[in-house]
Amino acid sequence: MAILRGNSVNIYTYVDSPVGRLLLCSDGVALTGLYMDVPGHTPRSLEQGVENAAAEPLRDAARQLGEYFAGDRREFDLALRLEGTDFQRRVWKVLTEIPYGETWSYGQLAKRIDNPKGFRAVGLANGRNPISILVPCHRVIGANGSLTGYGGGVERKQWLLAHERPH
């Protein structure tokens with residue numbers, strides 16, 4: 001998955017999924033957002049966007065998400081454009097390295113970015129992830145194994161982790 005810089009929403013579409021309706025946003029080159037249907041979790045720039053489910057990369061993202069939810073895909077092959085601070089982008093990049101079916105603690109994630117005492121900051125960056133599921137912030141759990149918070153709701157996090165659990 002290529003991670004590019006920037007985050008303007010020019011086109012968007014909605015897709016249904018087992019975890020509810022998802023909003024996919026793009027600048028026409030890369031995916032810029034994947035938001036769950038949660039009040040307050042949509043980009044402000046959506047008002048200037050145009051809904052177009054046939055536009056790329058939205059069509060490809062919807063297809064790959066369908067394959068993921070069907071259990072046929074474990075990795076995504078999409079260009080992503082993430083807007084955030086340098087620290088946030090470092091955290092989000094490392095999130096993409098958590099293998100399918102595995103979980104890491106916030107402390108493990110902090111160590112991976114060479115900031116072992118920064119687990120709280122890592123948690124805040126994790127919570128601001130604009131491309132959920134594809135940048136798998138749901139794979140981060142508390143040090144004691146607890147699911148802790150999740151922007152899409154702990155029930156969705158639990159569903160995603162159970163979906164990815166080896167059978």
Side-chain angles (χ1 to χ4, degrees), residues 1 3-5 7 9 12 14-25 30-46 61-62 64-76 78 80-167:
M1 226 173 345
I3 298 180
L4 310 172
R5 204 168 172 176
N7 186 25
V9 175
Y12 66 92
Y14 295 94
V15 296
D16 291 322
S17 81
V19 293
R21 189 174 176 198
L22 303 174
L23 169 65
L24 303 176
C25 303
L31 203 65
T32 58
L34 191 161
Y35 302 92
M36 295 184 184
D37 192 12
V38 175
H41 283 181
T42 56
R44 284 172 263 158
S45 57
L46 190 61
Q64 289 188 34
L65 281 164
E67 294 167 356
Y68 166 81
F69 286 119
D72 298 329
R73 177 176 288 275
R74 292 176 171 224
E75 294 181 13
F76 295 93
L78 297 163
L80 307 179
R81 190 176 308 277
L82 295 157
E83 177 65 29
T85 66
D86 288 341
F87 179 80
Q88 288 170 330
R89 285 194 312 277
R90 278 184 26 223
V91 170
W92 299 334
K93 169 100 174 76
V94 172
L95 286 174
T96 66
E97 298 170 8
I98 303 174
Y100 180 96
E102 292 185 24
T103 56
W104 291 358
S105 71
Y106 292 98
Q108 287 175 291
L109 194 55
K111 286 177 189 169
R112 284 296 290 253
I113 63 166
D114 295 323
N115 189 356
K117 294 183 180 182
F119 58 90
R120 284 190 183 92
V122 163
L124 290 172
N126 199 46
R128 289 204 169 20
N129 172 17
I131 304 180
S132 63
I133 303 172
L134 304 180
V135 178
C137 52
H138 62 276
R139 295 180 189 156
V140 182
I141 60 173
N144 64 358
S146 64
L147 294 187
T148 65
Y150 183 61
V154 175
E155 320 74 44
R156 287 185 177 112
K157 182 174 189 165
Q158 186 173 24
W159 189 96
L160 291 164
L161 292 174
H163 174 69
E164 294 181 1
R165 193 172 301 127
H167 294 87

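When each of L134, T96, L31 is tested with F76 by the rule side chain to side chain contact (heavy atoms under 4.5 Å, CB included), just one qualifies, namely L134. Checked options L78, L65, L23, V135; the residue passing with L34 is L65 (criterion: side chain to side chain contact (heavy atoms under 4.5 Å, CB included)). Each of E97, R90, K93 was compared with R112 under the side chain to side chain contact (heavy atoms under 4.5 Å, CB included) criterion, and only E97 meets it.
Considering only heavy atoms from C-beta on, E75 stays 4.5 Å or farther from Y100 through its side chain. Side chains of N126 and W92 form no contact here, defined as non-hydrogen atoms less than 4.5 Å apart. In this structure, S105 and V140 have side chains that are not in contact, with every pair of non-hydrogen atoms separated by 4.5 Å or more. Taking 4.5 Å as the limit, every side-chain heavy atom of I98 sits out of range of all side-chain heavy atoms of T103. Within the 4.5 Å cutoff, the side chain of I133 has heavy atoms near those of the M36 side chain. Looking at L160 and K157, their side chains never come closer than 4.5 Å, going by heavy atoms from C-beta outward.
Pairing each heavy atom of A110 with each of G118, the nearest pair is CB-C, 4.0 Å. When all heavy atoms are compared, the tightest approach of R74 to R139 is O-NH2, 4.4 Å. Here the closest heavy-atom approach between residue C25 and residue Y35 is recorded as SG-CE1, 4.0 Å. For the residue pair P136 and L95, the shortest heavy atom distance occurs at CG-O, 3.3 Å. Considering every non-hydrogen atom in both G152 and R156, the closest pair reads O-NH1, 2.6 Å. Of all heavy-atom pairs spanning V15 and A62, the tightest one is CG1-CB, 3.6 Å.
Note that CZ of F87 and CG of L124 are 8.5 Å apart. Values are rounded to the nearest 0.5 Å. One finds the OH atom of Y14 at 11.0 Å from the CG atom of L22 (value rounded to the nearest 0.5 Å). Once rounded to the nearest 0.5 Å, the distance linking OG1 of T32 with CD1 of I131 reads 6.5 Å. Rounded to the nearest 0.5 Å, atoms CG (L147) and CD1 (I141) are 7.5 Å apart. Of the inter-residue distances, the one linking H138 atom NE2 with W159 atom CH2 reads 9.5 Å to the nearest 0.5 angstrom.
When only modelled atom types and interatomic distance are considered, E164 and Y68 share a side-chain donor-acceptor pair under 3.5 Å. The closest side-chain donor-acceptor pair between S132 and Y150, if any, does not fall under 3.5 angstrom.
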